[in-house]
Amino acid sequence: PDEPKTQPSEEQLAAHQEALKVIEACHIDTIISESKFLQTESLLQLAKALIRVSGRPQKAGGSFEDEDTSVFCLDLLIAVVLQNRDRILLLWHGVHEHISNIVQKASVPSPLVEKAVFGLLRICQRLLPYKEELAEELLRSLQVILKLDARVADGLCERITHEVMQLVKANARHIKSPSGWKTVASLLSITARHLEASEPGYETLCFVMFEGAHLTEANYLLFIEAARAFAEASTGGLERSIRSLDLMSESVKSLAKWSNISLTNETSNQNQEIGEMWLKLAQSQRRLIVDPREDVRNHAVLSLQRILSGAESMHLSASTLGQVFDHVVFVMLDDLLEIATKYSPKDYRNMEKTMLFSMKLVSKVFLQFLDQLSSSPSFPATWSTLLKHMEKYMKTKLRGKGSDKLEESIPELLKNMLLVMKTRGVMTQECELWELTWRNVQGIAPFLKEELFPQESANKTEVSTDATSAQEANNVVL
């Protein structure tokens, strides 16, 4: 067990006061401020001396003088770095290594580790606007903060997040690489479940994502995952979760904008990458549809609908649209069905409403992209899978009985889908979907064939009657 920290004696306090007087007489501030005029070797020696004196991470029970001296000298080292930003490349490796050692070795909170963490953030804030060639390395250096011992991190988390927020607000335009944004997004994501730190973390998220203000292709997926972390967390209450869902769904406008730019520039590879981002956005949103909170769950369904519908102006391939049905839409339907039938209604309230919302989503998106989907070789398989899911939902038992709402709504949704398919020439007696469709529709609404395709049904009856008459005539002849 850690020993209690010893209190300084009167002699030690007196010596400390005397040391302060000596420091004051040395005009340390002047030395630091004029260090920018030092020759290279002198500057390096000054930095090495400060590193050596401040390089003693404190253990419980450490002396008053050691702790205070280390903190003081680390503060001076950081000041030297800031005064010599034009020669930062000379100093950076040694300074960063020193700060990293302090942070990673700290197992308990201390003034020294606090000075190291916030000194590093201060260096990044001050140098990012001036050292573009060093921006990625500066931001990567912040990853050491993610390695803080949990006991240390918890007490500093709120202040760290405030500093990150200030850094992003002042320097968003200077952060360009995926690795630089990854550090920022990672720091924000871990605050989502922290009571005090989540507020500045969420404010930073909104600063980047609202109306796509600072979203780029380099940071898009990173911030989608950060937004999902805030949507899943209950720390900020229901309102913050729903607003996070909206940030995700509204981001599809940025994808549409980039897609149109890529088409104008005739860069097909870029548009394919944007399609992949859209698919991952839809997958992230789909994961929130299984949230135990009813309002979040239902809002996630509506948000997913906006994401899928937003792809209309993105000119995505039939293959990508088919993937979203396979990897998002049908997975969503399966997940909701499993929850509704295997989990307690006390844990997931009013699942019937969510299932109905999801089925309406599927119907709307299917019809919206019918022309593209029907041109794909995989369309019969997609259509067959959709009909099977509609039948499963029709026959679902909730709390031991069928769902009146689903039983009433699904046949109407199917009727509308078939009417549109008929109007657009996708569903005809000659097409390969014909037999497949009516075989599956039998379990949902068998009356629809005669209602929607009376002529085809009549023709089939006549053919059947003629065949029967011919058989009877043959029997008479025989």
Side-chain angles (χ1 to χ4, degrees), residues 245 249 282-283 285-311 321-343 345 348-370 373-374 379 381-399 401-422 426-427 433 436-448 451-452:
L245 290 171
S249 62
Q283 289 173 322
Q285 188 77 228
R286 187 262 302 165
R287 293 186 183 101
L288 292 155
I289 292 173
V290 297
D291 196 289
R293 296 168 293 174
E294 181 185 349
D295 289 340
V296 174
R297 190 170 66 240
N298 291 339
H299 197 79
V301 175
L302 298 176
S303 295
L304 179 60
Q305 181 174 310
R306 287 197 291 270
I307 289 169
L308 300 182
S309 298
L321 293 170
Q323 286 182 58
V324 88
F325 271 83
D326 290 338
H327 301 306
V328 178
V329 173
F330 295 146
V331 176
M332 171 193 72
L333 294 177
D334 287 336
D335 288 345
L336 290 175
L337 187 62
E338 181 179 8
I339 291 170
T341 54
K342 295 184 179 180
Y343 287 76
Y348 288 86
R349 298 179 55 193
N350 204 1
M351 281 298 297
E352 182 182 46
K353 185 176 181 180
T354 307
M355 294 172 74
L356 184 56
F357 279 173
S358 68
M359 197 52 72
K360 289 180 177 178
L361 173 155
V362 175
S363 173
K364 181 174 181 178
V365 174
F366 177 83
L367 292 178
Q368 182 178 359
F369 295 104
L370 178 60
L373 289 169
S374 60
F379 180 62
T382 300
W383 174 235
S384 176
T385 304
L386 175 51
L387 290 174
K388 285 181 170 65
H389 278 91
M390 295 182 88
E391 183 176 359
K392 287 179 185 177
Y393 270 48
M394 271 278 292
K395 297 177 178 178
T396 299
K397 300 294 182 183
L398 301 174
R399 296 175 298 282
K401 61 180 182 179
S403 165
D404 293 339
K405 290 181 180 178
L406 291 172
E407 289 175 0
E408 292 170 6
S409 299
I410 288 177
E412 285 301 313
L413 292 172
L414 178 57
K415 177 181 178 180
N416 185 51
M417 293 163 73
L418 288 169
L419 275 172
V420 174
M421 292 171 75
K422 177 183 179 182
V426 176
M427 179 63 66
L433 297 179
L436 176 156
T437 298
W438 302 118
R439 188 166 58 250
N440 285 283
V441 170
Q442 277 296 114
I444 305 171
F447 57 86
L448 285 179
E451 183 177 333
L452 301 180

Interatomic distance, CG@L413 vs CG@L356, rounded to 0.5 Å, equals 7.5 Å
Quick one: sort the Y343 and Y348 rings into parallel, tilted or perpendicular, breaks at 30° and 60°.
perpendicular
Kindly give the heavy-atom pair with the smallest separation between M394 and L406, and that separation in Å.
SD-O, 3.8 Å
Pairwise distance CG(L387) to OG1(T382) - rounded to 0.5 angstrom:
11.0 Å
Using modelled atom types only, decide if a donor and an acceptor are shared between the side chain of Y393 and the backbone of L333 within a distance under 3.5 Å.
yes
Closest approach of S249 to S303 (non-hydrogen atoms, all atoms of both residues)
CB-O, 3.7 Å
Looking at side-chain heavy atoms only, is the closest gap between V329 and L308 below 4.5 Å?
yes
So, for V328 and R286, which heavy atoms are closest and what is the spacing to 0.1 Å?
O-CG, 3.7 Å
Do K360 and V301 come close enough that some side-chain heavy atom pair is under 4.5 Å?
no
K392 backbone acceptor or donor facing T396 side chain under 3.5 Å:
yes
Closest heavy-atom pair, P411 versus L448, reported as atoms and distance to 0.1 Å, is O-CD1, 4.1 Å
Evaluate the side-chain contact (heavy atoms from CB on, under 4.5 Å) criterion for residues M417 and W383: first the C-alpha distance (whole Å), next the side-chain angles of each, then the deciding distance (0.1 Å), finally the verdict.
CA-CA 11 Å; M417 293 163 73; W383 174 235; 3.7 Å; yes
Within the side chain of K422, is there an N or O that forms a donor-acceptor pair under 3.5 Å with the backbone of L452?
yes
Nearest 0.5 Å please: distance from the CD atom of Q368 over to the CG atom of L370.
11.0 Å
Stepwise side-chain contact (heavy atoms from CB on, under 4.5 Å) check, D335 with I289
CA-CA 9 Å; D335 288 345; I289 292 173; over 6 Å; no
In Å and rounded to the nearest 0.5 Å, what is the CD1 to CD distance from I410 to E391?
10.0 Å
Using the side-chain contact (heavy atoms from CB on, under 4.5 Å) rule, take V324 and V365 through it: C-alpha gap first, then chi angles, then the decisive distance, then the call.
CA-CA 11 Å; V324 88; V365 174; 5.7 Å; no
List the atom of R297, the atom of D291, and the distance in Å for their closest heavy-atom pair.
NH1-O, 3.2 Å
Rounded to the nearest 0.5 Å, how far apart are CE of M427 and OG of S374?
11.0 Å
Is the side chain of Q285 donor-acceptor paired with the backbone N or O of L304 at a distance under 3.5 Å, no angle test?
no
Between F357 and T354, is a side-chain contact (heavy atoms from CB on, under 4.5 Å) present by the stated rule, with each step listed?
CA-CA 5 Å; F357 279 173; T354 307; 5.5 Å; no
Which atoms form the tightest heavy-atom contact between D334 and H389, and what is the distance?
OD1-NE2, 2.8 Å
So does M355 get a backbone contact from the side chain of S358, meaning a donor-acceptor N/O pair under 3.5 Å?
yes
Report yes or no: does N440 contribute a side-chain atom to a donor-acceptor pair with the main-chain N or O of L436 at less than 3.5 Å?
yes
CZ on R349 to CG on D295, rounded to 0.5 Å
9.5 Å
Students often mix this up, so state it plainly: with edges at 30° and 60°, are the rings of F366 and F325 parallel, tilted or perpendicular?
perpendicular
